[in-house]
Amino acid sequence: MMPLFEIHLVVHGEIGWFLARRNRKADLRLVRDRRASLKDILESLGLPHTEVGRLLADGMEVGFSHVPVHDCRVDVHPVNSPFDVTRPTVLRPEAWDKIRFLVDDNVGRLAGLLRAVGVDTLHTRGTTDFDLAARCEAEHLILLTRDLGLLKRKQILFGRYIRETDPYRQLKEVLSVFGINGPYAFFSRCFLCNCPLKPIEKETVSHRLKPETCRYVSAFSSCPSCQRLYWHGPHVRRMLRKMADAGIDISGANTHLLD
Ligand SMILES: [Zn+2]
């Protein structure tokens with residue numbers, strides 16, 4: 001007969017809902033026929049490692065590769081907000097030097113909105129899960145997605161399963177969780193390619209503008225990469241209003257945009 005081993009698992013906070021319904025108990029006794037790392041045990045229950053902030057085995061702080069002994073009590077704590085990716089922890093000793101996101105297609109509108117508040121954000125469409133994970137590892141990117149399977153890949157050190165469904169509320173969620181506080185550098189990056197925008201003289205672009213834009217708008221900027229032109233028009237006011245409604249600090253925006 002196979003030897004059995006049992007661990008006593010206590011999942012704290014809201015990450016309990018990642019577990020299959022039958023396992024959603026405050027006090028879970030797991031019986032397994034072989035020993036495994038905590039990362040494997042938690043992910044077999046449905047909980048991606050990216051959502052875990054702290055692990056204790058019989059009261060001692062341990063890493064994901066820890067293999068619990070028989071009858072061990074394991075406490076699983078969620079990531080606390082703000083989640084500081086630049087601070088080394090027992091679970092993630094190789095902290096990163098800055099915040100930079102990679103947005104998955106399933107939350108694609110987040111890419112433009114994060115860029116709209118000046119946050120460095122990449123978005124590659126139609127990429128395989130393998131390539132997304134490899135890119136996160138190689139370029140030190142934080143993955144934002146609603147794909148639980150992708151978050152379980154070991155190459156992804158930092159990531160977030162996006163809870164909200166409305167894009168503006170998703171933006172608020174990401175800014176809060178990763179502690180990105182205002183005032184923000186609104187409309188300082190290209191929505192399409194993430195490149196920082198450069199101011200440009202109206203005279204040099206007037207031939208590309210509609211007459212009414214030319215008449216009412218004086219300040220323009222352009223993307224050095226894709227040459228797209230930007231100015232503060234009604235679309236910008238609409239976006240700022242939606243951001244304010246989602247609870248985002250818009251004090252960094254030019255006040256004349258909020259009329
Ligand atoms: Zn561009």
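Numbering of ligands and ligand atoms starts at 1, following listing order.
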_Would you say that H77 contacts I15 through its side chain, given a criterion of any heavy-atom pair below 4.5 Å between the two side chains?_
no
_Between C190 and S225, is there a side-chain heavy-atom distance shorter than 4.5 Å?_
no
*When you check the space around the Zn ion (ligand 1), which protein N, O or S atoms turn up under 2.8 Å?*
C190 SG, C193 SG, C223 SG, C226 SG
*asked:* Tell me every residue that passes salt bridge (charged side-chain N to carboxylate O under 4.0 Å, His left out) with R115, counting only those two or more places apart in sequence or in another chain.
replied: none
*Do D71 and R29 have side-chain heavy atoms sitting under 4.5 Å apart?*
yes
*asked:* Centroid separation under 6.0 Å, is that true for the rings of F158 and F178?
replied: no
*Identify the two heavy atoms, one from R54 and one from E61, that lie closest to each other, and give their separation to 0.1 Å.*
CG-OE2, 3.4 Å
